[in-house]
Number of protein chains: 2
Amino acid sequence: MARRKQAVTIKHVAADAGVSLQTVSRVINKEPNVRPEMMARVQESIAKLGYVPSIAAQRMSGSRSYLIMALNDRERTIEGWKSREGTDWVDQMLLGGMLTCAEHGYRLIVELVDTHSDHIERELSAAIAALQPDGVLLTPPHSANPEIIALLDAAGIEMARIGSLTPGPGFRLTMGDDLAAAMATRHLIELGHTRIGFIAGSLEYELSGWRVDGWRAAMNEAGLSTEGMLGQGDFSIESGRICAPQLIDAGATAIIASNDQMAMATLEVARARRLSVPGDLSIVSFDDTPVVRFAHPPLTAIEQPIAAVTARAVELIIGARSCRAALDTPVVVTPSLTVRESTAPPRS
Amino acid sequence: MARRKQAVTIKHVAADAGVSLQTVSRVINKEPNVRPEMMARVQESIAKLGYVPSIAAQRMSGSRSYLIMALNDRERTIEGWKSREGTDWVDQMLLGGMLTCAEHGYRLIVELVDTHSDHIERELSAAIAALQPDGVLLTPPHSANPEIIALLDAAGIEMARIGSLTPGPGFRLTMGDDLAAAMATRHLIELGHTRIGFIAGSLEYELSGWRVDGWRAAMNEAGLSTEGMLGQGDFSIESGRICAPQLIDAGATAIIASNDQMAMATLEVARARRLSVPGDLSIVSFDDTPVVRFAHPPLTAIEQPIAAVTARAVELIIGARSCRAALDTPVVVTPSLTVRESTAPPRS
DNA sequence: ATGAAAGCGCTAACAA
DNA sequence: TTGTTAGCGCTTTCAT
């Protein structure tokens, strides 16, 4: 195979339209100072020749790379894919991120990095040097990682930190974790529950705390005690197996788990104890993943708008040059609660 | 933000090591004709400065882009993501493809294109012109699309056609669909079934035919008739709802569905008719996706080695320059059967 | 409003 | 075995 060259370049277009390279470039980049008639002529040639700019060349000459990198935790992601249990975080990111990127002529590229690794900086620097993305989507627990943030900031790369409110560079977005927890709690309160347990997620994630806050706020608001009702999990199914029994023993008639794994563990524990769900125990999951939907009974769950928040993040990054306003105020994409068959009034 | 330039370039490395740019380039590309001591010196500088080549620049100068594009059907993929029912084809591709790419310094970039569209050529050309990938992973039904194949071939881009045996340029890989179907059929025969129905997938996919062939072969081998036992589906849940009753009415005591959706439809039909599974009807699915695993009962299923075949495809593309041998013989990655609770001996 | 010239970081081709 | 030269396709100066 010969040295592969671009089929149609800006030169061809310029020649065809009878203008300079520069003018074509201006049209491509929608720059001002081009007469409408010139523009029309150039665009006609572009369409005729089927010209598409090479992002490699664009990047080379110092402009954008039209690439956005989505950083995810390697271990967790691979584990999810291998287990084939329907962990669809990446899918939802792709759904929201890829499509939004495509709308603006960008591409989304998924990158996995180890959170707990001393060479995280090297890994990330390498990815940045190789790809030179215009922006990076940071997901928990990377979103608040000071090393990563500093590195990206120093490199002058836009970033959207999903699930972090830690001040610093970059856009911050959340999926209203406190709201969601409160929403779930109120749903249970309305059903008549007074002993509502909550299994928290790993403290490494900021959002774990917000969820606890939301639950506690809703409980206080209703004048209910949270005494003995908080279990400290870490998002793993094992931690759910440990926390659920404790809460049940403490008299919980309903349990909200901070993710799907812990919710499934809770369901498992209930089954082992021959407690009917939702008869004896109501359960709410904090992820509306396939596992949760296909559980028996299907679980009432908080639906986190992962696709929506990712789409928003991409938009912020792409529009970063123009509107820096959003930098100060975090963006909140509101979650929703899907009531299924795992929640009901407590046995009186 | 100032014009973003590469932090460390080949120039810095060359200066640091006291050699020419070319020598550094040779070391990076592991070319021969470099004295070990030179190589060591250069590599030391590379490590010291944390240099990583810019793929944009590499691409510009006519070498590889270190990018591999995975082409998937837009509509089907998006639908899968939106439904959140655990369609994990893309996940499995990422699992096998991304990781293998990473091992070789490549990146995988997912691209969605409309199968049924008159502008498929334009869409694809645009993606190629923009990204200039070194290779493309074609999935059904794109794998046998003559327009796509011709386009890529003309552009001199390596391609791996997963799920196609149609002769032509590019590597061809399958997941042993005939074997898999035969495997499932034999499993049922061993259980004592003689009336084994098969719901075929859309004829637009080559593999649909192979699966039917495998089933028919296994039936013939055992001296069983396939008369009235073939239903023509199209991979949709609706088609499953239509075919399953027909097969049951024709006396089938077991049904093999060509994908998870149709298998779930069959389960649904059985339930509606108050047939117990596997008591009255055994069911085998041709996709071991989450839906199937979480079904009640969990379905016996063919596990298609999507991750493995994708990994293999990536390897072929990356190594394409050296070994063109694999071009003639299709690669078959063998599938396996996971027996769960939806298959049992027929009621006698 | 348009064009010409200079480079971005890297590699292929050639020369030494 | 090593270094030198000339681009790749595009965008940034800077002229006009």
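Remember, predicted model here, so these are calculated numbers, not experimental data.
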Point to revise | Listed once per pair and sorted, the salt bridge (charged side-chain N to carboxylate O under 4.0 Å, His left out) pairs that draw on residues 42-54 of chain A, sequence neighbours left out | key: A:Asp16-A:Lys48
Practice item. Could you check B:Ala57 against A:Gln58 and say which one's nearest nucleotide on DNA chain D is further toward the 5' end? Key: B:Ala57
Check your understanding: Are any of the side-chain heavy atoms of A:Leu131 and A:Ser65 separated by less than 4.5 Å?
Key -> no
Review point. B:Leu138 and side-chain contact (heavy atoms from CB on, under 4.5 Å): which partner among B:Asn145, B:Leu152, B:Ile162?
Key: B:Leu152
Exercise for review: Would you list the pairs meeting ring-ring contact (aromatic ring centres under 6.0 Å, His included) in which at least one residue belongs to residues 33-53 of chain A, sequence neighbours left out?
Suggested key: none
Review point. Side chains of A:Leu94 and B:Trp81: does their closest heavy-atom pair fall under 4.5 Å?
Key: yes
**Study point:** Rounded distance [0.5 Å steps], CE in A:Met60 versus CD in B:Gln58
**Key:** 10.5 Å
Exercise for review: For DNA chain D, determine which residues of residues 123-131 of chain B have any heavy atom closer than 4.0 angstrom to one of its atoms, and list them numerically.
Suggested key: none
Practice item. Go through B:Leu316 and B:Leu173 one step at a time and tell me if the side chain to side chain contact (heavy atoms under 4.5 Å, CB included) criterion holds. Key: CA-CA 10 Å; B:Leu316 287 172; B:Leu173 302 97; 4.0 Å; yes
Review point. Looking at residues at least two apart in the chain, or sitting in another chain, which of them share a ring pair (Phe, Tyr, Trp, His ring centres under 6.0 Å) with A:Tyr106?
Key: A:Tyr66
Review point. In chain order, what residues pass the side-chain contact (heavy atoms from CB on, under 4.5 Å) check against A:Thr100, with sequence neighbours excluded?
Key: A:His104, A:Ala311, A:Val314, A:Glu315
Check your understanding: How would you list, by chain and number, every residue that makes a side-chain contact (heavy atoms from CB on, under 4.5 Å) with A:Leu21, sequence neighbours excluded?
Key -> A:Ile10, A:Lys11, A:Ala14
**Study point:** Integer-rounded Å distance: D:dT11 P and A:Lys11 NZ
**Key:** 14 Å
Exercise for review: Grab the CG-P distance between B:Asn29 and C:dA13 for me, whole Å please.
Suggested key: 13 Å
Check your understanding: Where along residues 46-56 of chain A does a heavy atom fall under 4.0 Å from DNA chain D?
Key -> A:Tyr51, A:Pro53, A:Ser54
**Study point:** Bend angle of the helix from C:dA1-D:dT16 to C:dA16-D:dT1, end axes from five pairs each (to 10°)
**Key:** 30°
Check your understanding: Would you say the base of D:dT1 and the side-chain of B:Arg26 have a donor-acceptor pair closer than 3.5 Å?
Key -> no
Review point. Between B:Met60 (CE) and D:dT11 (C1'), how many Å, whole number?
Key: 11 Å
Check your understanding: Closest heavy-atom contact between A:Ala313 and A:Ala160?
Key -> CB-CB, 3.7 Å
Check your understanding: Please, which pairs that meet salt bridge (charged side-chain N to carboxylate O under 4.0 Å, His left out) have at least one residue in residues 23-33 of chain B, sequence neighbours excluded?
Key -> none
Practice item. Could you tell me whether A:Val34 contacts a base, only the sugar-phosphate backbone, or nothing, with contacts defined as non-hydrogen atoms closer than 4.0 Å? Key: sugar-phosphate
Practice item. Can you tell me which residue pairs pass the salt bridge (charged side-chain N to carboxylate O under 4.0 Å, His left out) test with a partner in residues 67-76 of chain A, sequence neighbours excluded? Key: A:Arg74-A:Asp114, A:Arg74-A:Glu123
Study note, to complete from the structure: In numerical order, the residues of residues 35-43 of chain A whose heavy atoms come under 4.0 Å of DNA chain D are none
Check your understanding: When rounded to the nearest 0.5 angstrom, what distance separates CE in A:Met38 from CD in A:Gln43?
Key -> 12.5 Å
Practice item. Check whether any side-chain heavy atom of A:Gln92 sits under 4.5 Å from a side-chain heavy atom of A:Thr310, and report yes or no. Key: no
Check your understanding: Of all of residues 12-23 of chain B, which get a heavy atom below 4.0 angstrom from DNA chain D, listed by number?
Key -> B:Val19, B:Ser20, B:Gln22, B:Thr23
Revision key, fill the gap. B:Asn33 CG to C:dA16 P, in whole Å, measures 18 Å
Revision key, fill the gap. dist A:Asp134:CG -> A:Met69:CE (nearest 0.5 Å) comes out at 11.5 Å
